[in-house]
Amino acid sequence: MKSTQTRKTRICIIGAGAAGMAAAWSLSRYPERYELEIWEKEKCAGGMATSEHIPAANSFINDGVQGGPYSYRNTLALHKKLGFEPKPVTMKISFGKGATNWTNYSASNLTKRLRGDIRKFGTILKWISRFEPVFAFLPIHKVLKWFRFSDDFVNLMVLPLVALFFGTGNQTPHVSAALIARVFLDPDLKIFDYDPELLLSQQPQMFAFDKLSAIYEALAKEIKWKIYYNRPVQVVKRSNKGCVVVDHEGNSEFFDYVIFACDAETVIKVTKDLSWFERKVLGNVKYFDDVTVTHTDDEYMHKYYDIDVDKRTDQYLVKTDTRDPRKIEMSFILNQYQPQLKGTKLLLYQTIFLNKKEADKWTKDEIRKDKIVLEKWWRQMSHSWKHFAGFVPFQRFIQGKKRTFYCGSYTLVNTHEIATISGLAAAARIGAEYPFADDKLGKKQFDTYCSLVHGRNLTGGLRPIKNTIVQLFLLAVVLCMIYRCLY
C-alpha cells in the first residue's frame with residue numbers, strides 16, 4: 001500500500017518496545033516516503049527489554065528478557081546492524097529437587113523410572129505435529145490425559161519443561177499442545193532434540209543479550225525520528241482516510257496510519273470505534289499479572305531448588321509445587337547466564353511468580369526482604385489454547401482495517417523474536433520492504449508469521465494461507481464443543 005500522495009505518509013507508532021522499535025527502524029529506511037512519530041508511555045524505549053543497575057554487584061542485569069536461541073535471526077540481525085553481538089551461553093536446566101530432580105545433561109532416577117512415558121511421548125509428538133491445526137486448539141494437559149500418561153510424567157517433566165519454554169508458570173497446563181511439538185520437531189525452530197531415554201540430553205547453544213538499554217538507545221538514535229516518551233495515548237479515532245491520536249494531555253494529531261505496538265488491552269481501552277468483531281478478537285488475548293524478584297537469598301534457593309554452584313553451572317531452575325503439582329515456579333542464576341556477572345562473587349538470583357490471582361500459592365514472602373535487590377511487576381499474555389482458537393486465526397481480518405495495524409509478541413507467541421518480526425511485518429504492510437531477505441531462515445520465519453497473522457505473503461517466499469474464515473470458525477466451534485464435553 002505505497003502512498004501515491006506527494007506529501008510524506010504520516011505514521012504513529014504507539015509503543016516503543018521491541019515490536020514498535022522494529023517497525024520504526026524498518027520504516028526509517030525510507031525518509032523520503034514516511035514521516036513517523038513514536039508515542040511511548042514510559043521514560044525510555046525497550047518495553048520489557050530493560051537493563052537495571054545493581055549497586056551490590058557493581059554491575060547491571062538485563063531484566064525481563066535474558067537471551068534466546070540462535071534461531072532468533074531477525075532479532076540478532078537487527079542488533080548486529082547496530083553493532084551489538086550476543087554472547088554465547090550453554091543452556092543448562094535443573095528441574096525439581098531431591099527424588100524429583102532431573103536435568104537436560106545427565107540421567108536421573110526420575111528419567112529411569114519414567115522411561116516408558118518418555119518413549120511414548122516421542123510417538124505422540126509426531127501425531128501432534130502431523131495434525132497441528134487440530135492440536136493447536138487443545139491444551140497440553142488434556143492431550144496427555146487422553147493418551148494416559150502418568151501424573152508424574154505430566155507434572156514433573158512435561159509441564160515444567162513447557163513452563164520453561166514459554167514462561168507460563170501456573171497457566172502451563174492450558175498451553176496449546178501444538179507449541180510443544182514445535183519445540184522438539186520443527187527443524188528451524190526447535191530448541192532440543194527429543195531423547196527417547198532421557199527426554200532431554202543435550203546442552204543447546206543459546207545467547208545472552210548485550211546490554212539491552214544500550215541496544216535500544218542506539219536503535220532510537222538510528223531511527224532519527226520523533227520519539228515522545230512519557231506520552232500515553234488517551235484516544236484513537238479511526239476512519240478510512242486516517243486516524244486522529246489524542247494524548248493524555250488532550251493534544252491531538254492526524255496520521256495516515258497507526259501501528260498499535262502496545263498490548264491488546266490498551267488497544268481496546270483507547271480505540272472507541274472498534275467494531276464488534278474487532279473487540280471480540282482482541283478481547284480473546286488474556287493477560288496475567290506477574291512479578292520477578294531479583295535477590296541474593298541463598299537459603300530460599302537451596303530450600304526449593306537443586307543447586308550446587310561449585311560443581312554445576314545451571315542457569316534455569318524449575319520448581320513444582322508439592323501441594324499442587326500443576327503449579328510451577330521458575331528461577332535463574334543470573335551469574336551463570338549474563339556474562340557481565342560471571343566474575344561477580346555475589347550470587348544474584350531471579351525468581352518469577354506468575355498470575356497474581358493465585359498469589360496464595362506463591363512462596364514469594366519467604367524471600368528475605370533484606371535480600372531483595374529489585375522487584376518488578378509485569379502484565380503478561382497467556383499462551384492458553386484459547387489464544388490460538390479465538391485470536392490467532394482471526395486477527396488477519398482486523399489487520400489494516402481503518403488504517404490500523406497490530407504488532408507485538410501477543411500476536412503469536414510471547415518471545416522477543418516474534419515481537420521483532422511483528423514490527424517488521426506491520427511496516428511491510430505499509431510499504432517498507434523486509435530488510436533481511438539474505439538470511440534464509442530469518443526470511444522463512446517472517447514469511448510464516450505473515451501468512452499466519454496477516455493472511456498474506458509480503459516477500460514472495462511462501463504461498464499465502466487462504467482466508468478460510470468459515471472453515472476456521474467451524475473448526476474452532478467443533479473443538480470447543482469437544483473440549484467442553486470432555487472437561
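Values in this document were obtained by computation on a predicted structure and should not be read as measured data.
Surrounding NZ of K226 are at most 12 heavy atoms belonging to other residues, nucleotides or ligands under 6.0 Å away. The environment of CG in D324 is crowded: more than 12 heavy-atom neighbours from other residues, nucleotides or ligands sit within 6.0 Å. Heavy atoms from other residues, nucleotides or ligands lying under 6.0 Å from CG of D308 number more than 12. No more than 12 heavy atoms of other residues, nucleotides or ligands lie within 6.0 Å of NZ in K357, so this atom counts as exposed by the packing criterion. Around the CH2 atom of W127, the shell of radius 6.0 Å holds no more than 12 heavy atoms that belong to other residues, nucleotides or ligands.
Here the CG-CE distance, from N62 to M48, works out to 12.5 Å after rounding to the nearest 0.5 Å. Interatomic distance, CG of D306 versus CG of L317, reported as 9.0 Å (0.5 Å rounding). Atoms CG and CG, from L161 and N104 in turn, are 9.0 Å apart once rounded to the nearest 0.5 Å. Residue E433 holds its CD atom at 13.0 Å from CG of L424, rounded to the nearest 0.5 Å. If you take CD on Q205 and OG1 on T90, they are separated by 4.0 Å, rounding to the nearest 0.5 Å. Residue L110 holds its CG atom at 7.0 Å from CG of D152, rounded to the nearest 0.5 Å.
The closest side-chain heavy-atom distance from R231 to E40 is not below 4.5 Å. Side-chain contact between K376 and V293 is absent, with no heavy atoms from C-beta onward closer than 4.5 Å. At a threshold of 4.5 Å between non-hydrogen side-chain atoms, the residues Q445 and R73 count as touching. For the pair M157/T111, a side-chain contact is recorded, criterion being any heavy-atom separation below 4.5 Å from C-beta on. Side-chain contact check for V233 versus V245: some heavy-atom pair is nearer than 4.5 Å. A heavy-atom distance below 4.5 Å is found between the side chains of V291 and E375. With contacts defined as side-chain heavy-atom distances shorter than 4.5 Å, the pair I11/V258 does not qualify. Using a 4.5 Å cut-off on side-chain heavy atoms (C-beta onward), C407 and F260 make no contact.
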Full working for side chain to side chain donor-acceptor pair (under 3.5 Å) between E249 and Q234: CA-CA 8 Å; E249 294 181 345; Q234 192 71 27; over 6 Å; no
Working for side chain to side chain contact (heavy atoms under 4.5 Å, CB included), residues I259 and I430: CA-CA 10 Å; I259 296 177; I430 293 174; 3.8 Å; yes
Pair Y449-T411, side chain to side chain donor-acceptor pair (under 3.5 Å): steps then yes or no: CA-CA 9 Å; Y449 173 89; T411 56; 2.7 Å; yes
Step-by-step side chain to side chain contact (heavy atoms under 4.5 Å, CB included) determination, C12 to W39: CA-CA 7 Å; C12 180; W39 294 17; 4.1 Å; yes
Derivation of the side chain to side chain contact (heavy atoms under 4.5 Å, CB included) call for L200 and D195: CA-CA 5 Å; L200 306 181; D195 188 300; 6.0 Å; no
Test salt bridge (charged side-chain N to carboxylate O under 4.0 Å, His left out) applied to K356 and D290, step by step: CA-CA 6 Å; K356 187 179 179 181; D290 308 330; over 6 Å; no
Stepwise side chain to side chain donor-acceptor pair (under 3.5 Å) test for Y337 and D314: CA-CA 9 Å; Y337 201 144; D314 303 317; over 6 Å; no
E132 and R182: CA distance, side-chain angles, deciding distance, salt bridge (charged side-chain N to carboxylate O under 4.0 Å, His left out) verdict: CA-CA 9 Å; E132 186 178 73; R182 284 269 178 175; 2.7 Å; yes
Side chain to side chain contact (heavy atoms under 4.5 Å, CB included) assessment of E37 paired with W225: CA-CA 7 Å; E37 291 186 11; W225 271 336; over 6 Å; no
Trace of the side chain to side chain donor-acceptor pair (under 3.5 Å) decision for T351 with Y304: CA-CA 11 Å; T351 304; Y304 288 110; over 6 Å; no
Evaluation steps, salt bridge (charged side-chain N to carboxylate O under 4.0 Å, His left out), between K371 and E299: CA-CA 10 Å; K371 298 288 187 179; E299 185 178 346; over 6 Å; no
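A distance of 6.0 Å or more separates the ring centres of F184 and F192. Aromatic pair Y72/Y70: centroids not less than 6.0 angstrom apart. Taking the six-membered ring where the residue is Trp, the centroids of H387 and Y410 are separated by 6.0 Å or more. W25 has its ring centre less than 6.0 Å from the ring centre of F436.
Counting all heavy atoms, side chain and backbone alike, R312 lies closest to S94 at NH2-OG, 3.2 Å. The minimum heavy-atom distance linking F332 with I352 is given by the pair CE1-CD1, 3.6 Å. Closest of all the heavy-atom pairs between V309 and I307 is CG1-CG2, 3.7 Å. When all heavy atoms are compared, the tightest approach of I128 to F135 is CA-CD1, 3.6 Å.
With a 6.0 Å cutoff to the six-membered ring centre and a 45° limit on the axis angle, K92 does not count as a cation-pi contact of Y316. A cation-pi arrangement is not found for K97 relative to Y305, the charged atom failing to lie both closer than 6.0 Å to the ring centre and inside a 45° cone about the ring normal.
At least one donor-acceptor pair closer than 3.5 Å links the side chain of H53 to the backbone N or O of S59. Here the side chain of T103 pairs a donor or acceptor atom with the backbone of Y105 at under 3.5 angstrom. The backbone N or O of Y406 lies less than 3.5 Å from a partner atom in the side chain of Q399, making a donor-acceptor pair. When atom types are taken as modelled, the side chain of N155 and the backbone of T320 share no donor-acceptor pair closer than 3.5 angstrom.
With respect to Q315, the side-chain contact (heavy atoms from CB on, under 4.5 Å) criterion is satisfied by exactly one of I333, N335, L334, V89: V89. Exactly one residue among T420, T415, N414 makes a side chain to side chain donor-acceptor pair (under 3.5 Å) with S409. That residue is N414.
In summary, D321 and K361 do not engage in a salt bridge, as defined by a charged side-chain N under 4.0 Å from a carboxylate O. One finds a salt bridge joining D447 and K443 here, because a Lys/Arg side-chain nitrogen approaches an Asp/Glu carboxylate oxygen to under 4.0 Å. Salt bridge absent: E197 and K112 never bring a charged side-chain N and a carboxylate O closer than 4.0 Å. Salt-bridge formation is not detected for the pair R379/D263: no Lys NZ or Arg NE/NH1/NH2 atom is positioned less than 4.0 Å from an Asp or Glu carboxylate oxygen.
Using a 30° and 60° split on the angle between ring planes, F153 and F121 fall in the perpendicular class, above 60°. Taking the six-membered ring where tryptophan is involved, the planes of Y349 and H295 are tilted, since the angle between them lies from 30° to 60°. Relative orientation of the W362 and F353 rings is tilted, given thresholds of 30° and 60° on the angle between their planes.
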